[in-house]
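Heavy atoms only: backbone and side chains are in, while hydrogens, waters and symmetry mates are out.
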Amino acid sequence: MRPFIHEDFLLDSESARRLYHEHAEKLPIIDYHCHLSPKEIAEDKRFANITELWLGGDHYKWRALRANGVDERYITGDADPREKFMKWAETLPYTLRNPLYHWTHLELKTAFGIDKVLNPSTADEIYDACNEMLARPEFSARGLMRKYNVEAVCTTDDPVDSLEYHRQIAESGFETKVLPAWRPDKAMAVENPATYNAYLAQLEEASGIKISSYSDLLAALRNRHDFFASRGCTVADHGVSAFPWAECSEEEGAAIFSRVKAGETLSSADSEKLRTHLLLELCRMNHEKGWVQQFHFGPLRNVNSRMFRCLGPDTGFDTIGDYSCAVPIARFMDTLDSDNRLAKTILYNLNPADNTWVAAMIANFQDGSEPGKIQMGSGWWFNDQLYGMEAQMNALSMQGLLSRFVGMLTDSRSFLSYPRHEYFRRVLCNLLGSDFEKGLIPSEEMERVGKMVEDICYYNTKSYFKF
(Lines give C-alpha, C1' and ligand atoms only; values in the text may rest on other atoms or scores of the structure.)
Protein backbone atom coordinates (compact mmCIF):
# COMPACT_ATOMS: atom_id res chain seq x y z
CA MET A 1 0.00 0.00 0.00
CA ARG A 2 1.30 3.45 -0.92
CA PRO A 3 2.37 5.49 2.12
CA PHE A 4 0.44 8.61 3.13
CA ILE A 5 3.30 10.94 2.13
CA HIS A 6 4.35 9.74 -1.31
CA GLU A 7 6.09 11.33 -4.30
CA ASP A 8 2.83 12.67 -5.76
CA PHE A 9 1.30 13.92 -2.51
CA LEU A 10 -1.05 16.88 -3.23
CA LEU A 11 -0.43 16.57 -6.99
CA ASP A 12 -3.80 15.77 -8.55
CA SER A 13 -2.94 15.76 -12.26
CA GLU A 14 -0.23 14.72 -14.65
CA SER A 15 0.48 18.40 -15.36
CA ALA A 16 0.94 19.09 -11.65
CA ARG A 17 3.22 16.11 -11.25
CA ARG A 18 5.32 17.18 -14.23
CA LEU A 19 5.66 20.74 -12.93
CA TYR A 20 6.69 19.60 -9.48
CA HIS A 21 9.09 16.78 -10.32
CA GLU A 22 10.72 18.47 -13.31
CA HIS A 23 10.87 22.05 -12.06
CA ALA A 24 10.30 22.53 -8.31
CA GLU A 25 11.39 19.48 -6.40
CA LYS A 26 15.16 19.83 -6.36
CA LEU A 27 15.61 23.58 -6.12
CA PRO A 28 17.53 24.97 -3.12
CA ILE A 29 15.69 26.76 -0.32
CA ILE A 30 16.09 30.46 0.43
CA ASP A 31 14.30 31.10 3.72
CA TYR A 32 14.27 34.89 3.82
CA HIS A 33 12.22 35.23 7.02
CA CYS A 34 12.53 32.91 10.00
CA HIS A 35 12.99 33.00 13.76
CA LEU A 36 15.78 30.44 14.08
CA SER A 37 18.31 31.02 16.83
CA PRO A 38 21.67 32.21 15.42
CA LYS A 39 23.25 30.85 18.60
CA GLU A 40 21.98 27.35 17.87
CA ILE A 41 23.35 27.55 14.32
CA ALA A 42 26.70 28.94 15.48
CA GLU A 43 27.06 26.17 18.06
CA ASP A 44 25.63 23.54 15.67
CA LYS A 45 23.15 22.50 18.33
CA ARG A 46 22.49 18.80 18.89
CA PHE A 47 19.01 17.86 20.02
CA ALA A 48 18.51 15.57 22.99
CA ASN A 49 15.28 14.09 21.63
CA ILE A 50 12.51 14.62 19.10
CA THR A 51 10.39 16.38 21.72
CA GLU A 52 12.96 19.14 22.12
CA LEU A 53 13.34 19.54 18.37
CA TRP A 54 9.66 19.23 17.48
CA LEU A 55 7.62 20.54 20.39
CA GLY A 56 10.04 22.78 22.28
CA GLY A 57 8.88 26.13 20.89
CA ASP A 58 6.10 25.30 18.45
CA HIS A 59 3.05 27.28 19.47
CA TYR A 60 1.12 25.87 16.48
CA LYS A 61 1.29 22.44 18.13
CA TRP A 62 0.70 23.93 21.59
CA ARG A 63 -2.61 25.41 20.44
CA ALA A 64 -3.73 22.03 19.08
CA LEU A 65 -2.72 20.23 22.28
CA ARG A 66 -4.71 22.68 24.42
CA ALA A 67 -7.71 22.36 22.12
CA ASN A 68 -7.54 18.61 22.63
CA GLY A 69 -7.73 18.97 26.41
CA VAL A 70 -4.07 18.33 27.20
CA ASP A 71 -2.83 19.74 30.50
CA GLU A 72 -0.22 22.52 30.25
CA ARG A 73 2.28 20.32 32.10
CA TYR A 74 2.60 18.25 28.91
CA ILE A 75 2.91 21.32 26.69
CA THR A 76 5.17 23.93 28.28
CA GLY A 77 5.56 22.26 31.67
CA ASP A 78 7.97 19.83 33.28
CA ALA A 79 6.60 16.51 32.01
CA ASP A 80 9.05 13.90 30.74
CA PRO A 81 9.93 14.34 27.01
CA ARG A 82 8.46 10.94 26.12
CA GLU A 83 5.23 11.82 27.92
CA LYS A 84 4.98 15.07 25.97
CA PHE A 85 5.57 13.23 22.72
CA MET A 86 2.86 10.71 23.58
CA LYS A 87 0.39 13.53 24.18
CA TRP A 88 1.22 14.90 20.74
CA ALA A 89 0.73 11.43 19.22
CA GLU A 90 -2.66 11.21 20.96
CA THR A 91 -3.63 14.65 19.66
CA LEU A 92 -2.46 14.31 16.06
CA PRO A 93 -5.36 12.09 14.85
CA TYR A 94 -7.71 14.88 15.95
CA THR A 95 -5.90 17.40 13.73
CA LEU A 96 -7.24 15.99 10.46
CA ARG A 97 -7.75 18.89 8.00
CA ASN A 98 -5.49 21.08 10.14
CA PRO A 99 -2.13 21.75 8.38
CA LEU A 100 -0.33 20.23 11.36
CA TYR A 101 -1.40 16.78 10.20
CA HIS A 102 0.31 17.22 6.85
CA TRP A 103 3.35 19.06 8.23
CA THR A 104 3.95 16.41 10.90
CA HIS A 105 4.01 13.56 8.41
CA LEU A 106 6.05 15.52 5.87
CA GLU A 107 8.66 16.18 8.55
CA LEU A 108 8.76 12.53 9.61
CA LYS A 109 9.17 11.47 5.99
CA THR A 110 11.69 14.04 4.78
CA ALA A 111 13.87 14.27 7.89
CA PHE A 112 13.73 10.72 9.23
CA GLY A 113 12.46 8.61 6.34
CA ILE A 114 9.51 7.46 8.45
CA ASP A 115 6.41 6.53 6.42
CA LYS A 116 4.21 5.40 9.27
CA VAL A 117 1.26 7.49 10.38
CA LEU A 118 1.83 8.88 13.88
CA ASN A 119 -0.80 7.84 16.40
CA PRO A 120 -0.78 6.25 19.88
CA SER A 121 -0.06 2.77 18.52
CA THR A 122 3.03 3.89 16.56
CA ALA A 123 4.26 6.59 18.93
CA ASP A 124 6.80 4.58 20.93
CA GLU A 125 8.41 3.14 17.82
CA ILE A 126 8.59 6.52 16.08
CA TYR A 127 9.91 8.28 19.20
CA ASP A 128 12.74 5.78 19.57
CA ALA A 129 13.59 5.78 15.85
CA CYS A 130 13.77 9.58 15.70
CA ASN A 131 15.93 9.78 18.82
CA GLU A 132 18.31 7.17 17.46
CA MET A 133 18.80 9.26 14.31
CA LEU A 134 19.11 12.51 16.26
CA ALA A 135 22.20 11.09 17.94
CA ARG A 136 23.97 11.16 14.56
CA PRO A 137 26.07 14.22 13.60
CA GLU A 138 24.06 14.81 10.42
CA PHE A 139 20.98 15.62 12.51
CA SER A 140 22.50 18.66 14.19
CA ALA A 141 21.13 22.15 13.45
CA ARG A 142 23.54 22.63 10.56
CA GLY A 143 23.12 19.05 9.45
CA LEU A 144 19.38 19.53 9.05
CA MET A 145 19.94 22.72 7.05
CA ARG A 146 22.28 20.79 4.75
CA LYS A 147 19.79 17.95 4.48
CA TYR A 148 17.10 20.31 3.23
CA ASN A 149 19.47 22.06 0.78
CA VAL A 150 19.11 25.45 2.46
CA GLU A 151 21.12 28.05 0.58
CA ALA A 152 20.36 31.09 2.76
CA VAL A 153 18.30 32.15 5.76
CA CYS A 154 17.52 35.51 7.32
CA THR A 155 16.99 35.45 11.07
CA THR A 156 15.04 38.12 12.99
CA ASP A 157 17.22 40.41 15.08
CA ASP A 158 16.73 43.42 17.33
CA PRO A 159 18.83 46.57 16.72
CA VAL A 160 20.61 46.08 20.07
CA ASP A 161 21.82 42.59 19.11
CA SER A 162 25.61 42.27 18.86
CA LEU A 163 25.25 39.85 15.90
CA GLU A 164 28.16 37.97 17.43
CA TYR A 165 26.71 34.60 16.45
CA HIS A 166 26.30 35.74 12.86
CA ARG A 167 29.98 36.67 12.86
CA GLN A 168 30.89 33.27 14.23
CA ILE A 169 28.79 31.51 11.58
CA ALA A 170 30.31 33.56 8.76
CA GLU A 171 33.85 32.86 9.98
CA SER A 172 33.18 29.14 10.42
CA GLY A 173 32.86 28.52 6.69
CA PHE A 174 29.32 27.11 7.00
CA GLU A 175 28.07 26.82 3.45
CA THR A 176 24.56 28.15 4.20
CA LYS A 177 24.37 31.94 4.35
CA VAL A 178 22.92 33.01 7.70
CA LEU A 179 22.14 36.72 7.54
CA PRO A 180 20.57 39.05 10.08
CA ALA A 181 17.31 40.88 9.42
CA TRP A 182 16.66 44.21 11.14
CA ARG A 183 13.53 44.06 13.36
CA PRO A 184 13.17 47.40 15.24
CA ASP A 185 9.72 46.79 16.74
CA LYS A 186 10.85 47.57 20.30
CA ALA A 187 12.15 50.95 19.19
CA MET A 188 8.57 51.80 18.21
CA ALA A 189 6.80 50.35 21.25
CA VAL A 190 6.15 53.70 22.92
CA GLU A 191 2.91 52.73 24.69
CA ASN A 192 4.57 51.67 27.95
CA PRO A 193 7.07 54.37 29.02
CA ALA A 194 8.86 52.26 31.64
CA THR A 195 9.46 49.36 29.24
CA TYR A 196 10.34 51.76 26.44
CA ASN A 197 12.89 53.68 28.47
CA ALA A 198 14.49 50.44 29.59
CA TYR A 199 14.86 49.52 25.94
CA LEU A 200 16.36 52.93 25.13
CA ALA A 201 19.02 52.24 27.75
CA GLN A 202 19.93 49.07 25.86
CA LEU A 203 20.01 50.99 22.60
CA GLU A 204 22.30 53.60 24.15
CA GLU A 205 24.73 50.92 25.24
CA ALA A 206 24.70 49.17 21.86
CA SER A 207 25.13 52.35 19.82
CA GLY A 208 27.33 54.35 22.20
CA ILE A 209 25.01 57.33 21.76
CA LYS A 210 23.29 59.01 24.71
CA ILE A 211 19.59 59.29 23.85
CA SER A 212 18.30 62.55 25.27
CA SER A 213 16.21 63.70 22.31
CA TYR A 214 14.38 62.39 19.28
CA SER A 215 17.31 63.27 17.03
CA ASP A 216 19.51 61.21 19.36
CA LEU A 217 17.13 58.27 18.96
CA LEU A 218 17.31 58.50 15.18
CA ALA A 219 21.10 58.77 15.33
CA ALA A 220 21.32 55.68 17.56
CA LEU A 221 19.07 53.70 15.23
CA ARG A 222 21.05 54.81 12.20
CA ASN A 223 24.24 53.74 13.98
CA ARG A 224 22.83 50.26 14.50
CA HIS A 225 21.34 50.19 10.97
CA ASP A 226 24.85 50.86 9.63
CA PHE A 227 26.26 48.14 11.88
CA PHE A 228 23.73 45.60 10.64
CA ALA A 229 24.64 46.50 7.06
CA SER A 230 28.30 45.88 7.88
CA ARG A 231 27.31 42.37 8.96
CA GLY A 232 25.61 41.57 5.66
CA CYS A 233 22.06 42.63 6.49
CA THR A 234 19.95 43.62 3.48
CA VAL A 235 16.49 42.95 4.91
CA ALA A 236 14.30 44.85 7.37
CA ASP A 237 11.20 43.41 8.97
CA HIS A 238 8.53 45.42 10.74
CA GLY A 239 5.80 43.79 12.80
CA VAL A 240 2.70 45.89 13.48
CA SER A 241 -0.86 45.17 14.52
CA ALA A 242 -2.96 48.02 13.16
CA PHE A 243 -0.72 49.69 10.59
CA PRO A 244 0.19 53.16 11.94
CA TRP A 245 -0.74 56.32 10.12
CA ALA A 246 -1.07 59.84 11.49
CA GLU A 247 0.30 63.11 10.13
CA CYS A 248 3.26 64.18 12.27
CA SER A 249 6.02 66.70 11.67
CA GLU A 250 9.54 66.10 12.96
CA GLU A 251 9.07 68.87 15.51
CA GLU A 252 5.86 67.32 16.78
CA GLY A 253 7.50 63.88 16.90
CA ALA A 254 10.38 65.32 18.90
CA ALA A 255 8.00 66.91 21.41
CA ILE A 256 6.04 63.68 21.82
CA PHE A 257 9.26 61.68 22.26
CA SER A 258 10.41 64.08 24.99
CA ARG A 259 7.25 63.31 26.94
CA VAL A 260 7.58 59.54 26.75
CA LYS A 261 11.29 59.86 27.56
CA ALA A 262 10.24 61.72 30.72
CA GLY A 263 8.01 58.77 31.67
CA GLU A 264 4.66 60.17 30.53
CA THR A 265 2.06 57.74 29.22
CA LEU A 266 1.02 58.97 25.78
CA SER A 267 -2.50 59.17 24.43
CA SER A 268 -3.29 56.68 21.68
CA ALA A 269 -3.32 59.57 19.18
CA ASP A 270 0.15 60.75 20.17
CA SER A 271 1.50 57.20 20.18
CA GLU A 272 0.18 56.78 16.65
CA LYS A 273 1.85 60.00 15.53
CA LEU A 274 5.24 59.10 16.97
CA ARG A 275 5.15 55.54 15.65
CA THR A 276 4.20 56.78 12.18
CA HIS A 277 6.99 59.33 12.01
CA LEU A 278 9.54 56.88 13.40
CA LEU A 279 8.55 54.10 11.00
CA LEU A 280 8.79 56.49 8.05
CA GLU A 281 12.31 57.45 9.14
CA LEU A 282 13.29 53.79 9.44
CA CYS A 283 11.91 53.11 5.97
CA ARG A 284 13.96 55.97 4.55
CA MET A 285 17.05 54.33 6.04
CA ASN A 286 16.03 51.07 4.36
CA HIS A 287 15.72 52.83 1.01
CA GLU A 288 19.12 54.53 1.34
CA LYS A 289 20.81 51.15 1.66
CA GLY A 290 18.75 49.37 -0.97
CA TRP A 291 17.30 46.96 1.59
CA VAL A 292 14.11 44.98 1.20
CA GLN A 293 11.54 45.93 3.85
CA GLN A 294 8.81 43.59 5.04
CA PHE A 295 5.64 44.50 6.92
CA HIS A 296 3.78 41.83 8.88
CA PHE A 297 0.48 43.34 9.95
CA GLY A 298 -2.80 42.25 11.48
CA PRO A 299 -2.16 40.12 14.59
CA LEU A 300 -4.09 40.64 17.82
CA ARG A 301 -1.54 39.56 20.40
CA ASN A 302 -1.68 38.07 23.90
CA VAL A 303 -5.47 37.99 24.07
CA ASN A 304 -5.49 35.58 27.02
CA SER A 305 -4.17 37.75 29.85
CA ARG A 306 -4.09 34.92 32.38
CA MET A 307 -1.88 32.76 30.19
CA PHE A 308 0.25 35.75 29.20
CA ARG A 309 1.00 36.28 32.90
CA CYS A 310 1.91 32.61 33.24
CA LEU A 311 3.91 32.00 30.06
CA GLY A 312 4.68 35.34 28.42
CA PRO A 313 4.46 36.20 24.70
CA ASP A 314 4.69 33.89 21.66
CA THR A 315 3.17 30.91 23.45
CA GLY A 316 0.05 30.40 21.34
CA PHE A 317 -2.37 33.08 22.50
CA ASP A 318 -2.30 35.42 19.51
CA THR A 319 -5.04 35.58 16.91
CA ILE A 320 -6.21 37.26 13.70
CA GLY A 321 -7.19 40.91 14.13
CA ASP A 322 -9.79 42.72 12.06
CA TYR A 323 -8.07 46.09 11.75
CA SER A 324 -8.76 48.43 8.86
CA CYS A 325 -5.35 48.84 7.23
CA ALA A 326 -5.96 49.77 3.59
CA VAL A 327 -6.09 53.55 4.14
CA PRO A 328 -3.06 53.79 6.46
CA ILE A 329 -0.96 51.57 4.18
CA ALA A 330 -1.94 53.62 1.12
CA ARG A 331 -1.06 56.88 2.87
CA PHE A 332 2.16 55.48 4.30
CA MET A 333 3.44 54.08 1.02
CA ASP A 334 2.39 57.20 -0.88
CA THR A 335 4.36 59.39 1.54
CA LEU A 336 7.52 57.40 0.86
CA ASP A 337 6.87 57.14 -2.86
CA SER A 338 6.18 60.87 -3.25
CA ASP A 339 9.86 61.70 -2.79
CA ASN A 340 11.06 58.46 -4.36
CA ARG A 341 12.11 56.79 -1.11
CA LEU A 342 9.93 53.70 -1.16
CA ALA A 343 12.20 50.66 -0.88
CA LYS A 344 11.40 47.22 -2.22
CA THR A 345 8.50 46.20 -0.01
CA ILE A 346 6.65 43.01 0.94
CA LEU A 347 3.23 43.23 2.61
CA TYR A 348 2.01 40.23 4.65
CA ASN A 349 -1.61 40.34 5.78
CA LEU A 350 -2.66 38.06 8.60
CA ASN A 351 -6.40 38.40 7.99
CA PRO A 352 -7.28 36.44 4.83
CA ALA A 353 -10.21 38.82 4.29
CA ASP A 354 -7.54 41.37 3.28
CA ASN A 355 -6.08 39.27 0.45
CA THR A 356 -7.72 41.01 -2.49
CA TRP A 357 -7.15 44.60 -1.43
CA VAL A 358 -3.50 43.87 -0.56
CA ALA A 359 -3.00 42.27 -3.98
CA ALA A 360 -4.58 45.34 -5.57
CA MET A 361 -2.67 47.79 -3.35
CA ILE A 362 0.79 46.67 -4.41
CA ALA A 363 0.02 47.47 -8.05
CA ASN A 364 -0.34 51.16 -7.17
CA PHE A 365 3.34 51.44 -6.25
CA GLN A 366 5.06 49.36 -8.92
CA ASP A 367 7.29 51.92 -10.64
CA GLY A 368 8.93 49.97 -13.45
CA SER A 369 12.35 50.07 -11.79
CA GLU A 370 12.38 46.28 -11.50
CA PRO A 371 9.90 43.41 -11.83
CA GLY A 372 7.82 42.86 -8.71
CA LYS A 373 9.33 45.69 -6.69
CA ILE A 374 6.30 45.68 -4.37
CA GLN A 375 5.26 42.19 -3.29
CA MET A 376 2.28 40.53 -1.66
CA GLY A 377 3.78 38.21 0.92
CA SER A 378 2.99 34.52 1.04
CA GLY A 379 0.21 33.16 3.23
CA TRP A 380 1.49 33.96 6.72
CA TRP A 381 1.03 32.33 10.14
CA PHE A 382 -2.61 31.26 10.26
CA ASN A 383 -2.64 31.19 6.45
CA ASP A 384 0.47 29.16 5.61
CA GLN A 385 -1.54 26.04 4.79
CA LEU A 386 -3.15 24.56 1.70
CA TYR A 387 -6.24 26.78 1.50
CA GLY A 388 -4.47 29.90 2.76
CA MET A 389 -1.69 29.50 0.20
CA GLU A 390 -4.17 28.95 -2.60
CA ALA A 391 -6.23 31.97 -1.53
CA GLN A 392 -3.17 34.23 -1.45
CA MET A 393 -1.96 33.06 -4.86
CA ASN A 394 -5.42 33.35 -6.38
CA ALA A 395 -5.76 36.94 -5.13
CA LEU A 396 -2.30 37.84 -6.43
CA SER A 397 -3.06 36.17 -9.77
CA MET A 398 -6.28 38.15 -10.17
CA GLN A 399 -4.77 41.53 -9.34
CA GLY A 400 -1.11 41.28 -10.31
CA LEU A 401 1.63 38.99 -11.59
CA LEU A 402 1.94 35.64 -9.85
CA SER A 403 4.95 34.95 -12.08
CA ARG A 404 6.93 37.67 -10.23
CA PHE A 405 6.07 36.36 -6.74
CA VAL A 406 9.02 35.70 -4.39
CA GLY A 407 7.40 32.62 -2.89
CA MET A 408 7.57 30.86 0.45
CA LEU A 409 9.33 31.24 3.82
CA THR A 410 9.05 29.29 7.06
CA ASP A 411 8.52 32.09 9.65
CA SER A 412 9.56 29.38 12.11
CA ARG A 413 11.78 28.68 15.10
CA SER A 414 12.22 25.03 14.15
CA PHE A 415 14.93 23.33 12.10
CA LEU A 416 12.27 20.86 10.95
CA SER A 417 10.09 23.48 9.26
CA TYR A 418 11.77 23.38 5.85
CA PRO A 419 9.18 20.94 4.43
CA ARG A 420 6.82 23.94 4.41
CA HIS A 421 8.72 24.98 1.28
CA GLU A 422 8.01 21.57 -0.25
CA TYR A 423 4.38 21.86 0.79
CA PHE A 424 4.13 25.29 -0.86
CA ARG A 425 5.79 24.02 -4.03
CA ARG A 426 3.36 21.13 -4.28
CA VAL A 427 0.39 23.46 -3.75
CA LEU A 428 1.71 25.87 -6.38
CA CYS A 429 2.27 23.11 -8.94
CA ASN A 430 -1.14 21.61 -8.24
CA LEU A 431 -2.80 25.01 -8.70
CA LEU A 432 -1.12 25.58 -12.06
CA GLY A 433 -1.56 21.94 -13.09
CA SER A 434 -5.29 22.27 -12.49
CA ASP A 435 -5.38 25.25 -14.85
CA PHE A 436 -3.82 23.11 -17.57
CA GLU A 437 -6.35 20.35 -16.97
CA LYS A 438 -9.26 22.82 -17.16
CA GLY A 439 -7.95 24.41 -20.34
CA LEU A 440 -7.31 27.74 -18.60
CA ILE A 441 -3.65 27.63 -19.71
CA PRO A 442 -2.84 26.29 -23.20
CA SER A 443 -0.77 23.12 -23.33
CA GLU A 444 1.81 24.94 -25.48
CA GLU A 445 2.77 27.00 -22.41
CA MET A 446 4.06 24.08 -20.33
CA GLU A 447 7.70 25.12 -20.77
CA ARG A 448 6.91 28.72 -19.84
CA VAL A 449 4.92 27.64 -16.77
CA GLY A 450 7.74 25.32 -15.74
CA LYS A 451 10.09 28.30 -15.77
CA MET A 452 7.48 30.29 -13.82
CA VAL A 453 7.45 27.58 -11.14
CA GLU A 454 11.25 27.67 -10.88
CA ASP A 455 11.19 31.44 -10.59
CA ILE A 456 8.56 31.50 -7.82
CA CYS A 457 10.26 28.73 -5.86
CA TYR A 458 13.81 30.06 -6.12
CA TYR A 459 15.05 32.43 -8.82
CA ASN A 460 12.74 35.38 -8.10
CA THR A 461 13.80 35.27 -4.46
CA LYS A 462 17.49 35.04 -5.27
CA SER A 463 17.24 38.04 -7.60
CA TYR A 464 14.97 40.14 -5.38
CA PHE A 465 17.12 39.81 -2.27
CA LYS A 466 20.43 39.76 -4.17
CA PHE A 467 21.53 36.63 -2.32
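In this structure, Arg420 satisfies the cation-pi test against Tyr60, with its NZ or CZ atom closer than 6.0 Å to the six-membered ring centre and inside 45 degrees of the ring normal.
Listed by chain and residue number, Glu43 satisfy the salt bridge (Lys or Arg N to Asp or Glu O under 4.0 Å) test with Lys39 (two or more places apart in sequence, or in another chain).
The six-membered or imidazole ring of Tyr214 lies near that of His277, with a centre-to-centre distance under 6.0 Å. Two rings, from Phe317 and Phe308, have their centers 6.0 Å or more apart.
A donor-acceptor pair under 3.5 Å links the side-chain atoms of Gln366 to the main chain of Ile374, judged by distance alone. Side chain of Thr345 to main chain of Ala343: a donor-acceptor pair is present (N/O by atom type, distance under 3.5 Å, no hydrogens or angles). Without hydrogens or angle criteria, Glu52 side chain to Ala48 main chain gives a donor-acceptor distance under 3.5 Å. Counting only distance, with no hydrogens or angles, the side chain of Asn192 and the backbone of Thr195 share a donor-acceptor pair below 3.5 Å. Put simply, the side chain of Arg341 never gets that close to the backbone of His287: no donor and acceptor are under 3.5 Å apart. Counting only distance, with no hydrogens or angles, the side chain of His105 and the backbone of Tyr101 share a donor-acceptor pair below 3.5 Å.
Side-chain atoms of Ser172 and Arg142 form a donor-acceptor pair, as typed in the model, at a separation below 3.5 Å. At a cut-off of 3.5 Å, with distance as the only test, no side-chain donor of Asn351 or Asp322 sits close to an acceptor on the other residue. For the residue pair Glu191 / Ser271, no side-chain donor-acceptor distance below 3.5 Å is found, with atom types taken as modelled. Judged by distance alone, the side chains of Ser397 and Asn394 never bring a donor and an acceptor atom under 3.5 Å apart. Tyr148 and Glu422 form no side-chain donor-acceptor contact under 3.5 Å, judged by distance and modelled atom types alone. The closest side-chain donor-acceptor pair between Trp54 and Glu107 falls under 3.5 angstrom. The closest side-chain donor-acceptor pair between Asp158 and Tyr199 falls under 3.5 angstrom.
A distance of 15.0 Å separates CZ in Phe47 from CE in Met133, rounded to the nearest 0.5 Å. Remark: Ser241 OG to Phe297 CZ distance equals 11.5 Å, nearest 0.5 Å. Distance check: Trp357 CH2 to Leu347 CG gives 7.0 Å after rounding to the nearest 0.5 Å.
The two residues His238 and Leu282 come nearest to each other via the heavy atoms CE1-CB, 4.3 Å. Minimum heavy-atom separation, Val449 to Ile441: CG2-CG2, 4.1 Å.
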Passes side-chain contact (heavy atoms from CB on, under 4.5 Å), Gln375 versus Tyr464? Steps please. CA-CA 10 Å; Gln375 290 276 330; Tyr464 190 77; 3.8 Å; yes
Can Arg146 and Glu175 be said to form a salt bridge (Lys or Arg N to Asp or Glu O under 4.0 Å), step by step? CA-CA 8 Å; Arg146 292 187 186 101; Glu175 56 272 29; 2.5 Å; yes
Run Phe465 and Phe467 through ring pair (Phe, Tyr, Trp, His ring centres under 6.0 Å) and show every step you take. CA-CA 5 Å; Phe465 290 93; Phe467 290 153; 5.3 Å; yes
Per-pair distances, 0.1 Å, donor-acceptor, side chain in residues 406-414, under 3.5 Å, sequence neighbours excluded:
residue, atom, partner, partner atom, Å
Thr410, OG1, Asp31, OD1, 3.4
Thr410, OG1, Asp31, OD2, 2.6
Thr410, OG1, Ser412, N, 3.4
Asp411, OD1, His33, NE2, 2.9
Asp411, OD1, His35, NE2, 3.0
Asp411, OD2, Trp380, NE1, 3.0
Ser412, OG, Ser414, N, 2.9
Ser412, OG, Ser417, OG, 2.6
Ser414, OG, Leu416, N, 3.0

N/O donor-acceptor pairs under 3.5 Å from side chains in residues 222-230, not counting sequence neighbours:
residue, atom, partner, partner atom, Å
Arg222, NH1, Glu288, OE1, 2.8
Arg222, NH2, Glu288, OE2, 3.4
Arg224, NE, Pro159, O, 2.7
Arg224, NH1, Ala206, O, 3.2
Arg224, NH2, Pro159, O, 3.4
Arg224, NH2, Asp161, O, 2.8
His225, ND1, Lys289, NZ, 2.8
His225, NE2, Asn286, OD1, 2.9
Asp226, OD1, Lys289, NZ, 2.7
Ser230, OG, Phe227, O, 2.5

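Between Phe332 and Phe243, the ring-plane angle classifies as perpendicular under the 30° and 60° cut-offs.
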